[in-house]
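Single-structure report; data block below.
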Amino acid sequence: YEVLQQALEPTFSPLLAENDIIRKLPQTYILTCEYDVLRDDGILYKKRLEDNGVQVTWYHSTDGFHGIISFFDCRCLAFPSGKKALDNIVHFIKTTKSSSKEL
C-alpha cells in the first residue's frame with residue numbers, strides 16, 4: 001500500500017495533480033517519442049497543462065524511443081532522432097533564457 005500510495009503522488013504522477021497546482025506551473029517543455037510507453041501520458045499532460053493556461057512547448061519525435069537522448073553521443077549507438085530531440089531542447093532553453101532576460 002505504501003509503495004502504491006507514493007506512486008500516486010503528484011510528484012511521481014503529475015497527471016494526478018489538482019488543477020490549482022497545475023495552474024501555478026511555469027512554462028513547460030515536453031518531449032514525447034513515438035515508440036515510448038509514456039508517449040500517451042506525455043500527450044495527456046500537455047493537454048492538461050494547456051487546459052489550465054500553462055504555456056507548453058511540445059516536440060514529438062516520430063522515430064524516437066524512450067531514453068533516446070541517452071544515446072546522443074554514443075558513437076555507433078547514436079540515433080539522428082536523439083540529436084534532433086536534444087537540439088530542440090537546447091533551442092527551447094536558449095529562447096526561454098533570452099525571453100526571461102527581456103523581462
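Once rounded to the nearest 0.5 Å, the distance linking NZ of Lys84 with CD1 of Ile68 reads 10.5 Å. If you take CD1 on Ile30 and CG on Asp41, they are separated by 11.0 Å, rounding to the nearest 0.5 Å. With values rounded to the nearest 0.5 angstrom, His60 atom NE2 is found 7.5 Å from Cys33 atom SG. Taking CG of Asp87 as the start and OH of Tyr59 as the end, the distance is 8.5 Å to the nearest 0.5 Å. Distance check: Tyr45 OH to Thr32 OG1 gives 14.0 Å after rounding to the nearest 0.5 Å. Atom OG of Ser61 is separated from atom OH of Tyr35 by 9.5 Å, given to the nearest 0.5 angstrom.
Hydrophobic clustering places Leu15 together with Leu25 (ILVMFWY residues linked when any side-chain heavy atoms are closer than 4.5 Å, directly or through intermediates). Both Ile89 and Phe65 sit in one connected hydrophobic cluster of ILVMFWY residues. Membership requires side-chain heavy atoms under 4.5 Å apart, directly or through other members. Cluster membership for Ile21 and Leu16, using ILVMFWY side-chain heavy atoms within less than 4.5 angstrom, is not shared.
In this structure, the side chains of Thr28 and Thr57 stay at 4.5 Å or more apart for every pair of heavy atoms. Contact check for Ile43 versus Arg39: side-chain heavy atoms found under the 4.5 Å cut-off. Here the side chains of Leu31 and Ile69 are in contact, with some heavy-atom distance below 4.5 Å. Side-chain contact between Asp63 and Glu34 is absent, with no heavy atoms from C-beta onward closer than 4.5 Å.
Taking Glu50 as the reference, Lys46, Val56 meet the side chain to side chain contact (heavy atoms under 4.5 Å, CB included) condition, with sequence neighbours excluded. Under the rule for a ring pair (Phe, Tyr, Trp, His ring centres under 6.0 Å), the partners of Tyr29 that lie at least two apart in sequence or sit in another chain are Phe92.
A salt bridge between Lys47 and Asp51 is present, with a side-chain N of the basic residue lying under 4.0 Å from a carboxylate O of the acidic one.
Asp36 places a side-chain N or O within donor-acceptor distance of the main-chain N or O of Leu38, the cut-off being under 3.5 Å. A donor-acceptor pair under 3.5 Å links the side-chain atoms of Asn52 to the main chain of Arg48, judged by distance alone.
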Run the side-chain contact (heavy atoms from CB on, under 4.5 Å) test on Arg23 and Val54 for me, step by step, so that the C-alpha distance in whole Å, both residues' side-chain angles and the decisive distance to 0.1 Å come before the verdict. CA-CA 6 Å; Arg23 286 185 197 105; Val54 177; 5.7 Å; no
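Shortest non-hydrogen contact noted between Ala17 and Ile22 is CB-CD1, 3.9 Å.
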